[in-house]
Structure formats: C-alpha cells, structure tokens
Amino acid sequence: MLHTDMLPRDTAVQLIDEDGQPVVDEHYALPDSETLLAAYRGLVEGRRINDQAGALVRQGRLAVYPSSHGQEACQVAAAMVLGDADWLFPTYRDSVAVIARGVEPADAMVLLKGDWHSGYDVRAHRVAPQATPLATQLLHAVGFAQAATHRGEDTVVLALCGDGATSEGDFHEAMNFAAVFQVPVVFFVQNNGFAISVPLSRQTAAPSLAHKAVGYGMPGERVDGNDVAAVLAVLGEAVNRARNGGGPSLIEAHTYRMQAHTNADDDTRYRERDEVQAWIARDPLLRLRTHLTQAGTLDADAEERFASGAEEIAAAMRTALNTDADLDPEDLFRFVTATRSPQLDEQWHLLRGEIERSHLADAGAGTTPNGDHR
Amino acid sequence: MLHTDMLPRDTAVQLIDEDGQPVVDEHYALPDSETLLAAYRGLVEGRRINDQAGALVRQGRLAVYPSSHGQEACQVAAAMVLGDADWLFPTYRDSVAVIARGVEPADAMVLLKGDWHSGYDVRAHRVAPQATPLATQLLHAVGFAQAATHRGEDTVVLALCGDGATSEGDFHEAMNFAAVFQVPVVFFVQNNGFAISVPLSRQTAAPSLAHKAVGYGMPGERVDGNDVAAVLAVLGEAVNRARNGGGPSLIEAHTYRMQAHTNADDDTRYRERDEVQAWIARDPLLRLRTHLTQAGTLDADAEERFASGAEEIAAAMRTALNTDADLDPEDLFRFVTATRSPQLDEQWHLLRGEIERSHLADAGAGTTPNGDHR
Amino acid sequence: MTIAHDDTRAEVEAGTVTTMTMAAALNRALADAIESDPDVVVFGEDVGALGGVFRITDGLTARFGEERCFDTPLAESGIVGTAVGMAMNGMRPVVELQFDAFALPAFEQIVSHVAKLGNRTRGGMRMPLVIRIPFGGGIGGVEHHCDSSEAYYAHTPGLTVVSPSTPQDAYSLLRAAIASPDPVIFLEPKKLYWSKGEVDTSIAAELGTARIARDGTDVTLLAYGASVPLALEVAEVAAAEGRSVQVVDVRSLSPFDDATVTTAVKSTGRAVVIAEAPGYVSVASEIQARVFERCFEYLAAPVRRVTGFDTPYAPPKLEHWYLPDVDRVLDAIDTLHWEDDV
Amino acid sequence: MTIAHDDTRAEVEAGTVTTMTMAAALNRALADAIESDPDVVVFGEDVGALGGVFRITDGLTARFGEERCFDTPLAESGIVGTAVGMAMNGMRPVVELQFDAFALPAFEQIVSHVAKLGNRTRGGMRMPLVIRIPFGGGIGGVEHHCDSSEAYYAHTPGLTVVSPSTPQDAYSLLRAAIASPDPVIFLEPKKLYWSKGEVDTSIAAELGTARIARDGTDVTLLAYGASVPLALEVAEVAAAEGRSVQVVDVRSLSPFDDATVTTAVKSTGRAVVIAEAPGYVSVASEIQARVFERCFEYLAAPVRRVTGFDTPYAPPKLEHWYLPDVDRVLDAIDTLHWEDDV
Ligand SMILES: Cc1ncc(C[n+]2csc(CCOP(=O)(O)OP(=O)(O)O)c2C)c(N)n1
Ligand SMILES: Cc1ncc(C[n+]2csc(CCOP(=O)(O)OP(=O)(O)O)c2C)c(N)n1
Ligand SMILES: [Mg+2]
Ligand SMILES: [Mg+2]
C-alpha cells in the first residue's frame, strides 16, 4: 500500500477560470454569491490600497512598500476565512490582508512609514505584527495556537508566508511541530513565483510546494491564487478542519507579484516583461467581475459603491500619511522591557540632555534640531 | 495525475529476514556472497568495537561513548558502499562506520577520550570529523559534493544522521539544497527509534521519515536497518544514482539502539525492557550468520578468523587507550587560525609562564602541576 | 476560602529552609512555578520522561502531566519560536536548551523576536518567557558541551540575562525569571549543579541586582556563575596571605547593577573580573570597561580580567589549562600596584 | 608564457588608480578574485541576475557564469553550511548574507563550524571562506535592516572580523579576506556603499591591522566602519576649536591590533571609542577595556565610548537620535579632564 491519499492533487484547485466561468470541482463548492460579492469588494479595496501605497512611496510619504498587487485574492480570502476569535500571522507583504481584517490603513502603514516597527493594536484585531525575518512567524503561529488549545479556546491561526520562505529551516520546524502536536494552524503559502529575484525553480525541485505536506503527515493542497472563490473554498476547508481538531494543513496558492519586490527593487533585471504581461489575463479582479456580472450579482450600482468605498480608504490613507506623526524619542527606551533598568534610564537621560540642548540651540540660533552640531 | 511514483514504499526493503531467510524483492537483488561475507566480518568487528569501547568507558579510559550496538549493519554498509574517492560525513554515533572506512580505532576515539576534538586525518580516509551539532554536517556534505562537482570530480558523499536530527532546520535546508542543485549526496538516516529519550512519534507525524523526500523532489526509500544485505542494496543503488548524475536520495533505515544513548544516559527512564528485548531477535549479526551458514558461505574457520581479527582490534584499542597521550597545552593556540595573532600569542605566553612556574613548583615542593596553588 | 488556605501554605513554606543541590533547587523552582501559575509550561528536548539530561525537570511530567511539561521535536529554533508564540498568547513558557552550543540554532528567534517583540509592539505583547541554558565548563565535556555564550545574549538589547552561583539564587532567581514580564536567559553553571547549599523558598531575588558574596577591603573580585566559588576560594587563600578580598557575585549579566558594583570597587580601589568565557568582547570586558570608567578616580591600579582564552573551548584533558584558576587570579591580583611592590 | 603575461598585467594594474564608490570597489574585488583564483565562488540570495540588493555582485554571473556566481535557495544556514562544505573541499566560497539580522539563522554554522573546524581538525582542514554582511544603519531602513552585530562575531574565537571605511580598504581588505586561509566575517557599512574614494588595486591590506586615518596630538578617536567618517568630521570640527584629534580606523575587529592602538592612545593620553552597535558587551567596550588596561599610566582621563543605545535599533524616523553623531562625540571629548576644565 502506498499513502497515495497523502499526495496533493497535481493541479491547483480552480472554481472560476480566467474568463470568469465557473469550474465544477469534485470536492470544493463555489462560495455563495453574497460571499463572492463581499470578496469582490475586498479585491477592489485591496487593489486601491496597493495603488495608493505605491503612490505614497513615490511621493516620499512611505519609506518602502512591498505590494501585493496581483495577489489580492489571497489577501482578501485570508481575512475572510477567519472568525473573530481567530488570529492572522502576516508578513511584510500582507498589508492588504491586515487591513481587510480591520486594521486601520494608517496603522498598518506605521512600519512602512518609518515611525515604529509595528503600528496597530495586535489584540484588538487579532493580527500579529507583520513579520520581516522570513518563516520565523510560522513558529509563532504554532505556539500561539498551542497556547489557545492549552486553554481550551476555539482559535484557529492562519500563518502566511511566501514561496521563498519555504526554504528556511523555520518553515520545516513550524510544519513539523504543528503536525506532531496536531495544532490548529493553517499554513498558507503565496507562491508568487519569486523571492525577490530568485525564481521558484531555485527554491524547490518538488512538483509543488504543497507536496512538502507529505513529509510532515499533513494535508496539502494547491489552489489558483488568483481565483478568490477557490482560495476561499480551500482555505475555508482547512480552517474548518483545524477548528474541528483535524490538525494543520499546508495550502499553496499559485499567484504572481505584478510589481517589483518593493519600490527599491528593479524587476527588469530578472524577469521578462512578457511574463508579467501574461499574468494580467489572470487578474483576480477581472475574472470575478466577469463572473459576478454574468451571474447578475454585481451591477453598476454596486461597482460604483465599491469604488467610492475604496476611494474613501485611499483618501484616508493620504490624509494620515501626509501628516508627520509627532514622535517621542523617549519611545526608544520605553518598550525595551516592561520596567526600564537604571542602565537604560541613564542612557535616556543622556539623550534627553542632548535634545534639550538642541532645542535651546534651535531657539537661539535657528539651526535644525539635528545635523548641525552644538 | 498524481505523482505516485514519488512515494516511498510503504514498507522497508528487506532481503534477509529475521530468521536469516532470503526475501525476494521485486527491485533489489541480494548482494553476492563475497560481499555478504565481508559485511559479516564488518559486523563482527563492529560489535566488538562497540563492546570494547563500552568497557573502556567503564574503566574510565573513555569519557563518553555513544554506542551503535544494534546498528552495526548500517555502520558497516555505510563504509562498504563507498568508493575510495567518496566521502563519509558521520556523527558522534558512527565510530564503527568511521573505523570500517579505515580510520585507526585509537584515532577515532580521540574525541571520546577527551584528548582533542577530532583525532584522525580527514583527508587520508576521506571521512569528515564526526559531527556533534545535529544535522549541521548534512549541509557540509552538500557543499563538499558541490565542490567536487564543480571540479568535475567523481565523488559521492554519504551523509549520516539520526531520526531526531531530521527535525532540525538544517536537515531541511540540506535536503533542499541538494535537490535544487542535483548534488551527488546520499542522506542516510539511521532511525533507531529514539533521540536520547524522545521516541520517533514525537519527531514526526508522517508515515515514515523517507516520506520527507517527496517534499524535496528526490527519491526516498525505507530499508530494514538490521538487514545488512538490504542496506547494502538500497544504499548502493542510491550511491550509484548519485554517481551517475541522478542527484540526491534519502534513505531511512529502521534500526534500534540497543544500549542507552551514551553511558551517561539511563534508558530505563524512557523505554520498557520488553521493547529492548524484542529487538534482540532482529539482531543484524544473528540473521546474517544464519543466512551465510545455511548458504555454506560461512564456516567455523571463517568465524574463528573473524573473531580473532576483531579481538586484535579490541586489543589494539585497549593498548592505545590505556596510554595517556602526551598532550601539549600550546595546541590550544596552534590551530585556531592558520597564523597565530599577536593577541593569541600574548595569551599563550601567559599560560606558558604559568606552566613553567608550576613545573618549578613541582620540582621544588612536589605538588601536583595543577590544583594546588603556587 | 481558597485565599486564606494559600496564605497559610505560604506561611508554612516561609519557614522552610532545606539543604539541597543547585539542581534540586532549580527543580523545586520549576515545580513551584508550575503549581502556582497555570500559565507556566516547561518544554524542550528530553525534559519529559527523562527529566532532562541534567535531571533538572525530573518528575515534572509525572507530577503535572504532559500539558505542563513535555518533550518537543528536536529543533531548538522550533522550541524557542513556539515559546514566542505561546508568550504572545499569554503563557509563560520555560524552555530548556540542552547545552549552550545547542542554543545557537535558536539564535535568530532569540535576537529578532524574543528580545524585540515587546518593543516592536510598544508593549502590546510582552515576552514573559525563560530560556534555561546549562552553560560553562569544568565537567570534562567534549566539544560543544562546555561553552559560555553569555556575551551573545548580554549584548542583545531586550534580554535579561542572569546566572546563579548558589542553590538559593538558583531557586529565587528562577522564580523571579519566570514571574518576570520580560524574557530571561537563565544560564545554569553546569559545574555547580551538584554543589549544595541552604534554600529558603520564601526568599525572593530581584533580577538586575548583584550580590556581595564576601566582604573585603583590599581588592574586589567581580564574578558570576562557576567563577564565584573560585573567587571565594581565592579570597580564602589571599586572606591567609594577609589580603582582604571582597567578592561580588554579579548575578545579573544584563541589565548591570552599576550601583552595587561601583560602590564595591570604589571601596577597595582595586578590581579583577573573572569569567570562563573567552575574554575578547565579553561580559568580563564590559564589566572591566564600566568599572574603569566609573571608578577611574578611585583606582589604585588598572582593573584586570581573568578569563578563558580567545580560543575554542579546550578538550577535556586540557581544560584545566584553559579555565581561570586560583593561581591565575592571584597572579592578576599581584599586578595591582600594591604599596609593598618593588 | 602565461606567467610573464600575468606579470605584465599586474604591472599595468599597479599603476591604475581610479575614483569609485565603495560598492564598485567591492564589486571589483570580487571580480578580480574570481578571475585570479578558480577556487573562488560567490553565492547567496539575489546575487545572480539581480546583482545583490546593493548591487555588489552586479554583473558577476553575466561575466563569469553560473558556476562562479549563483543564487541559492532562501536559507542562510544552508548558504553558510554549504560554504563550509565547499571550503572543506578546497574551494574559497564568498557568500553574501543580505542584511545582518538575516545572518542570524546561520549563527550556529558560523560559531560551531566556520569558527572551529580548522581547530577541530588540528589544521587538517582550514576554512578559507568569506561571509559578507552589509551592516549598520543610517540608511533609513526598517526593523532588521540596520543592525550592527559585530560583537557576536568578534567574541567568537576563530573568526577574523574586518570592516572597511574607505573604497580602498573595501577593495584591499576584501581581496585579503578572500586570500586568507581563515574564515573572515566581512562587514560592509551600508551607509558608506555610495561614498567615493580612490582605489589602487595594487595596494595590499593586511588583516589584523588598524590604520591611522588622521594624525593628532590631543585625543585619539577609535572607530570602524561608518563611524570613521564621523570621527574624521569630529576631528575637523574640533580642529576649528583648537583641539588636535587623532583618528584610528580600527578596521580589524578581531584579532585586535593592540600595537597600533596602544601606541596611538599613549601618544595623546586621551581616547574615545565610537561605534553604532549597542555599547553593552560590545566591540567598543572591549576596545575601551583594552586601552584602559594597556595605557593606564598614560591616561589623563577615563576612556569614553560613544555608541548606540542598549535598545533595539530605532525606526527610520528616530534613527538620528539613536546614532552617534558629531555632538555626542564632542560632548564625550569634553569630559576628558582638560587642563582648561574648571
Ligand atoms: C531570514 C531572512 N532572510 C532574508 C530576508 C530578505 N528578504 C526579504 S523578502 C525576501 C524574499 C522573500 O520571498 P518570498 O518568501 O517568496 O516572499 P515574497 O516577497 O515573494 O512575498 C528576502 C530574501 C529576510 N527578510 N529574512
Ligand atoms: C543542535 C543540537 N541539539 C541538541 C543536541 C544534543 N543531542 C545530542 S544527541 C541527541 C539526540 C539525537 O538523536 P538522533 O538524531 O535520533 O541520533 P541518535 O543519537 O539516536 O543516533 C541530542 C538531543 C545536539 N548534539 N545538537
Ligand atoms: Mg515569493
Ligand atoms: Mg535516534
């Protein structure tokens, strides 16, 4: 006997094809039209947030922005499949998912604006800080879920990472801990084809990233990451399985990063324009719009409402980010530990003295608070 | 289509069963009788080395010994499947394999005696130093093989680790690098059921460790690790595949550690005596002796020769280890870097002064060179 | 009434002074912490049925069940990373890393998250976790089993780093570490595991404080972990030679108790720092630099340090040459510009 | 005759002095090393087609092929661990780790193997590998992109740790690092990547040596990496105020060039150490302690240090408060017990 039941399907689950036509799947059902309409609205808003953030980078209001343009279906579905008590563990690329979960866009942008390392109330929205060191957050997600289980809480944790991150040791350890302890975590890999400049072929020789699930004894599945219906169905089932004691799953979404890694990146160095162009046809918004319009679920009125809702979000982002936050240098010392040590106190006093003197000098000589000496 | 061809068999390959009877396998052939006789001799010597080392620990001549008693089939096969130009990357538990590859027992024991961190000429025998930090050596093996390939050399690298080590991030990264770069490495996991006290069930939820190969896109196979014929056949095929450009493989041997983790361990705390007893029936020596005797390949004469050969090795071990090596404290400074820095020179001079004074004191007052002050 | 009952128990315990090994004191601290706080969980490699390779967790699983003390897969980054997640979710994980070289795979998790998550979230999430690491040499261990890696942790902002040198401190500091809202690297000197002393479980220790281990007037020895008994031995020998040696157990490697240490050194005007770790860029060099800078006007002589060499740790048969010993410390004291010097 | 040809080329090159950025100097050093030694290979994340996120490996793959410069899977322990294996097998790998916080997953490989394998094998295998790490702040990078982790490496016996502060040193030290039989941690100050200077490719630098960057008689500033230009700026300002400031570019963070540094400080009698990393248990504190101990009799005042705070690195908008700047160094100089002090 071979454990063939362990193998992921050889193709990605798709419920709505690139032309917006429904695909009948033997296992997964198309989400209802209300859900799809909500998802479409999320896509519209997500796209607008990505575009607005890009513009704010160009205007120098954001230091950096890793865009999820093209990956909005994954972002929106990740937020939608979770219940209120569930938690999301996102990465730097998942700002749209973070916002879709309820975080104010301005708060989600604090890191990228450069004001602080994370800017939202993690507990209010049940969203962990966006992780930068790759794959490290997957272990946090596992431990977080273990703690919930320990206390008998009904919490499912959705942990996000990219294709590149699957090569890190922490990915392996997280998958393995989750499987051994049968923890209610869903690992959701957005395979967008690249880790900065490095293509998937340099990350793995396996038929798919979902195949990695086999080695941990957990279910793995591939899904068309630009088909929000499919992502909702597949992620939703995995979340349910986790909630019902069925343990962790690994879901790989096939998607594409339409823009450079961040604004600092130059993707013409490592991929052909043709390749990027080809993915426009698979855009997550387009196909869902076609589908919903054909199904009569989406009319011009709704389109209009969604667009203006998205525009409001963008306007709020502009307002928030065009304002310089009033930053307090003492914050550097405030949160390092729960109680500040005399050692840090002494250092803050040094800095405070400098700041006071620079203000005095300011007042006196009109120099800038920093840069000019004395 | 499912990639069913990727799945390891659901049972371990066995060519000689526990009663010494040959098993016909659809794919692997029984090694010829000459090879099996050589293997048997290796097993006899390996067992003797394990027993002798155990005795030397009890006599205080070795600081510690992680015994491979019960795992000798894996140890011997690991050495036998390699050609002269190939390399072995062993762990602390693989002293028998190291010796089977040609290293003098006394040199192999330098680490365990406490004289130095490694005691053999790695290049002379093409055996890397025995690794202690788990799974780290797997990456070295991959890089080593990459270098050989880079220079167009025909070198296959056999990298050993235990079941516990498969949980480490470095295991994952090594497997993945090897597969992505199609490196001539064979990963050989001796699954002896325990990582110190922790049973396999705490390391993985997968049907087997060999199943991990799927996630890297490399062949995986399970083998009865107490059947040296099967280990020779399966490892041999993997080594050939690597040599012929077929890339890496993952081989998992099912075996059992008959003694405690090391002499410092107390295995009664974590496993039943019955379980240990049950494995005696599967002993790698017994079944091969039965098989070779029934086949007429092994006679009393050969038995006698092998036993006395093993006895000679043991005697040499006793002689070597009952002698205290003349250690030079300057060695602490000699090998840190290729050229000794003034910083280290200064420190050596400090120590040299102390040693000289302690010798003077010795000569004068008859105190011990260390412990008593001044 | 539950509360009254607990109070009584605490009273009874307050009177309890027992002689025990440091290992037993640590075990007792873990058990008491598990018992008194439902959020405390202990995990790591071999901490369950085996009770840890040094038996520090002996009996915990049997007594409190798998939910409170359990073995994990063999992966240190996994151990620390999941502990971070648990701490994010309100638990107080106490993890054991088997030897300090085997803490290294967890280094990224420790530096990038354990140390920084509280700061990252502006205190929105704290990291009340304890990482226990047996450290140091003197036990004849082979390579990777005798390292002293405290410099890596002490240098990292956000980590509290402590090391006990007595069973009492082992108990009290571990309880304090587990109770702390901040992450603590708890370094256990392997060599002292079987040393004995009195333990009063009602004594509380404060993280971040040094302890005067012996009074003296001529010179101050600053030490921690296994170097404290060495310093005390030196003080005995020096006393016989007519020198009065003060010993400070630094105890808290980060943050540093400048007040106690500076006062001590100013009172004697001479100081030697002792530590097993390689001296270069070490906790010992930090202490030396601080004391130098803060006590400059009071110093009769340069502050010295006696440390391990800047080499990998010695193999067992050579470690007696590697480790600081009584003679080496006495030699250092001798260089401190004594009035009777020629 | 190949040899004569090579010699000629070297002669031609000897005369070549070009103005270039530090990034270009590093790129040139890599190219020249690949060209002159078939055992040199360059790899890491994004070093191929992209040329590295800082473009230091720009064009190497195009010019020398995938065999000599290539991208790996995204795994730092894997990068360093395979580099160890290649070095064991006679190659000279030069790996890039993208930012210094992202070197941390490789920390076990670096400490347990890169640093120790030569010693373990009694020199039977050496570790001629170079680990390039962009380090330090001042570029407005978000969390994990601005750390200065040199203390971790400098504390580890067996590692050579260097950092250039000029394009010339970037070229010469990187060539020396690649040629070295020992493992070198090569720390590239990100802030200086685009600073320009003259580079003469025929100049050889010796690992383990400091460099007098500016002569002066009143006080010695000891700095490395991005703190060197800061020290030079301070020296300019101080000169205007009538103080003659000497600047030593420490350059070699391990091993330490005591001879040069001690001579320098003895000549002025005053010293300030400058570094961006948190000061506690740091390279700066080591330098401070060493200078204190070795120059004690020559010191007119305590040695000071000006470093980053003992906090996680600041977010971009606050980093100007975090980083040592001209004023902070001048303030430190002011405390050095000048005769004109009241
Ligand atoms: C441990 C670590 N190494 C390197 C980096 C630098 N880095 C940031 S994003 C990135 C690529 C990640 O690719 P992938 O996981 O596919 O996610 P994507 O950016 O495509 O969403 C790299 C190498 C990092 N953040 N963390
Ligand atoms: C990185 C690391 N962590 C922990 C240890 C301590 N340790 C030594 S052997 C061992 C168990 C290893 O089990 P396994 O891999 O199954 O090998 P076996 O000893 O059974 O041959 C442990 C935890 C280590 N050597 N290295
Ligand atoms: Mg990607
Ligand atoms: Mg095992």
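Order of the sequence lines fixes the chain letters, A, B, ..., with proteins taken first and strands second; residue numbering starts at 1 for each chain.
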Heavy-atom pairs under 4.5 Å with chain B: which of [options] has the most?
options: Lys116(D), His113(D), Met125(D); value: His113(D)
options: Ala259(D), Ser77(D), Pro255(D), Pro93(D); value: Ser77(D)
options: Thr160(D), Val80(D), Ile79(D); value: Ile79(D)

So what's closer than 4.5 Å to chain B heavy atoms on [X]: side chain, backbone, both or neither?
X: Val41(D); answer: side chain
X: Leu117(D); answer: side chain
X: Ala83(D); answer: neither
X: Pro183(D); answer: neither
X: Glu66(D); answer: neither

Calculate, to the nearest 0.5 Å, the distance between atoms [atom1] and [atom2] belonging to [X] and [Y] respectively.
X: Arg122(D); Y: Trp116(B); atom1: CZ; atom2: CH2; answer: 6.0 Å
X: Leu207(D); Y: Ser341(B); atom1: CG; atom2: OG; answer: 12.0 Å
X: Ser112(D); Y: Gln137(B); atom1: OG; atom2: CD; answer: 12.0 Å
X: Met91(D); Y: His150(B); atom1: CE; atom2: NE2; answer: 3.5 Å
X: Thr132(B); Y: Arg120(D); atom1: OG1; atom2: CZ; answer: 7.0 Å
X: Leu159(D); Y: Thr337(B); atom1: CG; atom2: OG1; answer: 10.5 Å

Check the surroundings of atom [atom1] in [X]: do more than 12 heavy atoms from other residues, nucleotides or ligands lie under 6.0 Å from it?
X: Tyr298(D); atom1: OH; answer: no
X: Asp84(B); atom1: CG; answer: no
X: Glu153(B); atom1: CD; answer: yes

Exercise. Would Gln109(D) and Asp170(B) count as a side chain to side chain donor-acceptor pair (under 3.5 Å) if you check the C-alpha gap in whole Å, the side-chain angles of each, and the deciding distance to 0.1 Å?
Worked result: CA-CA 9 Å; Gln109(D) 286 288 350; Asp170(B) 273 8; 2.9 Å; yes
Seminar exercise, completed: Note: vs chain D, highest number of non-hydrogen pairs under 4.5 angstrom among His172(B), His117(B), Glu173(B), Gln343(B) is Glu173(B)
For this session: Determine the option with the most heavy-atom pairs under 4.5 angstrom with chain D, choosing from Thr136(B), Val142(B), Val122(B).
Result: Thr136(B)
Less than 4.5 Å to any heavy atom of chain D: does that hold for the side chain of [X], its backbone, both, or neither?
X: Tyr120(B); answer: neither
X: Arg123(B); answer: side chain
X: Ala131(B); answer: neither

Exercise. Just checking, is any N or O donor in the side chain of Arg151(B) or Asn89(D) under 3.5 Å from an acceptor N or O on the other one?
Worked result: yes
For this session: Report yes if some heavy atom in the side chain of Phe89(B) is under 4.5 Å from a heavy atom in the side chain of Met88(D); otherwise report no.
Result: yes
If you look at every heavy atom in [X] and [Y], which pair is closest and at what distance?
X: Val336(B); Y: Arg126(D); answer: O-NH2, 3.6 Å
X: Thr72(D); Y: Phe181(B); answer: CA-CZ, 3.9 Å
X: Asp182(D); Y: Ala338(B); answer: OD1-N, 2.8 Å
X: Pro73(D); Y: Asn176(B); answer: CB-ND2, 3.8 Å
X: Pro133(B); Y: Glu108(D); answer: CB-OE2, 3.5 Å

